[in-house]
Amino acid sequence: MPRQTTKSIYWQGVRDGAPFILVIVPFSVLFGVVATEAGLNVLETMGFSVLVIAGAAQFTALQLLSDGAPTAIALISALAVNLRMAMYSASLTPYIGGASLGQRALAAYFTVDQSYACAIVKFEANPGWSIPQRLSYFFGVVTAICPLWYVFTLVGALVGTSIPQGLALDFALPITFLAMIAPMLRTPAHLAAAFVSVTMSLIFAFLPYNLGLLIAGVAGMMVGAQVEVTRERRIAPPTGDAS
């Protein structure tokens, strides 16, 4: 097997991130359009995307503010939607936690659903990679995704309402999450968390300001954690006296 260099690993990341372009482009254009329709100017729209760089949270906050929700509710909801980033960070720490502070800060900023989904699978499959190799792969994935998020958010903001509604750009959001989440549902804990969160979100869909999603997310995480704890207890060896 040929030796892998940081350069070759970087290009692996670019290739693995490239398929997400098919959803990142319409998703970012849609945000630019929706943001300008909600009353943000181009500079405000771009500031939103560059500073937050979290599509689901951006759409959540924008929708709530457009519906007249209190600012506090919009902020809490956006933060709740992004709680998964804390779990992503904890999951990546064993692999890149030894990097420099600047590298970790840059990785934290560019930790999005797509970069995490690609990176964690590749890191687990290549335990012998060094930290520079892991960072090269991570930023390779980012190269194929994040610059396009900025560019096409700007396109959406500039084009605004001139995009025909029949294009239905909003298909990108559910397809993105399905493409990322489905391959990761590999354990009973993952499946239980997904099932409970979907069920609870449907049950509490009547709540205002999308508060049902917050309840569903918390419930899903709690159930998933409990299933994992129960599973580990079952497979743990007995602690009785050794003969």
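What you see is a predicted model, and the numbers here were worked out from it, not measured in a lab.
- In plain terms, the two heavy atoms of T45 and A157 that are nearest each other are CG2-CB, 4.1 Å.
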For this session: I would like to know whether Y116 and L92 meet side chain to side chain contact (heavy atoms under 4.5 Å, CB included); could you show each step before the answer?
Result: CA-CA 8 Å; Y116 170 78; L92 290 173; 3.8 Å; yes
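- Rounding to the nearest 0.5 angstrom, the gap separating the CG atom in N82 from the CE atom in M87 is 10.5 Å.
- For residues 214-224, the set of pairs meeting the side chain to side chain donor-acceptor pair (under 3.5 Å) definition, not counting sequence neighbours, is empty.
- Scanning all heavy atoms of the two residues, the minimum distance from M85 to T111 falls at SD-O, 3.4 Å.
- Here the SG atom belonging to C146 is positioned 12.0 Å from the CZ atom belonging to F20, to the nearest 0.5 angstrom.
- The local environment of CE in M222 is sparse, with at most 12 non-hydrogen atoms from other residues, nucleotides or ligands closer than 6.0 Å.
- At distances below 3.5 Å, not a single donor-acceptor pair connects side-chain atoms of S49 with backbone N or O atoms of M46.
- Residues I120 and S91 share a closest heavy-atom pair of CD1-OG, 3.3 Å.
- Of the inter-residue distances, the one linking T153 atom OG1 with F48 atom CZ reads 11.0 Å to the nearest 0.5 angstrom.
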For this session: Using the side chain to side chain contact (heavy atoms under 4.5 Å, CB included) rule, take F27 and F59 through it: C-alpha gap first, then chi angles, then the decisive distance, then the call.
Result: CA-CA 10 Å; F27 191 14; F59 274 101; 2.9 Å; yes
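- The backbone N or O of Q4 lies less than 3.5 Å from a partner atom in the side chain of Q133, making a donor-acceptor pair.
- V14 and I24 end up in different hydrophobic clusters when Ile, Leu, Val, Met, Phe, Trp and Tyr side chains are linked at under 4.5 Å.
- Here the closest heavy-atom approach between residue A219 and residue M200 is recorded as CB-CG, 4.1 Å.
- Nearest heavy atoms, C118 versus D16: SG-O, 3.9 Å.
- By the criterion of side-chain heavy atoms lying less than 4.5 angstrom apart, applied directly or through intervening Ile, Leu, Val, Met, Phe, Trp or Tyr residues, W11 is not grouped with L148; the two fall into different hydrophobic clusters.
- Hydrophobic clustering of Ile, Leu, Val, Met, Phe, Trp and Tyr side chains at less than 4.5 Å, counting indirect connections, unites I145 with V155.
- Between I131 atom CD1 and S100 atom OG the span is 9.5 Å, to the nearest 0.5 Å.
- Residues V159 and V33 fail the side-chain proximity criterion, which asks for heavy atoms closer than 4.5 Å.
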For this session: Run the numbers on W149 and V142 for side chain to side chain contact (heavy atoms under 4.5 Å, CB included), then give the verdict.
Result: CA-CA 10 Å; W149 174 256; V142 166; over 6 Å; no
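- Both V121 and F123 belong to a single network of hydrophobic side chains, linked directly or stepwise wherever heavy atoms of I, L, V, M, F, W or Y lie under 4.5 Å apart.
- Listed by chain and number, the residues in a salt bridge (charged side-chain N to carboxylate O under 4.0 Å, His left out) with E228 are R231 (sequence neighbours excluded).
- Partners of V227 by side-chain contact (heavy atoms from CB on, under 4.5 Å), not counting sequence neighbours, listed by chain and number: P188, A189, A192, V223.
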Exercise. So L62 and F31, side chain to side chain contact (heavy atoms under 4.5 Å, CB included) or not? Walk me through it.
Worked result: CA-CA 9 Å; L62 191 63; F31 178 76; 3.9 Å; yes
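- In this structure, I53 and F110 have side chains that are in contact, with non-hydrogen atoms separated by less than 4.5 Å.
- The two residues I21 and A144 come nearest to each other via the heavy atoms CG1-O, 3.4 Å.
- Within a 6.0 Å sphere centred on OH of Y150, other residues, nucleotides and ligands contribute more than 12 heavy atoms.
- Each of F138, Y95, Y137 was compared with K122 under the side-chain contact (heavy atoms from CB on, under 4.5 Å) criterion, and only Y137 meets it.
- Looking only at atom types and distance, the side chain of T143 has a donor-acceptor partner in the side chain of Y10 under 3.5 Å away.
- Between the side chain of R134 and the backbone N or O of W129 there is at least one donor-acceptor pair closer than 3.5 Å.
- L207 CG to S201 OG: the interatomic distance, rounded to the nearest 0.5 Å, is 11.0 Å.
- Linking Ile, Leu, Val, Met, Phe, Trp and Tyr whenever their side-chain heavy atoms come within less than 4.5 Å puts V52 and V50 in one cluster.
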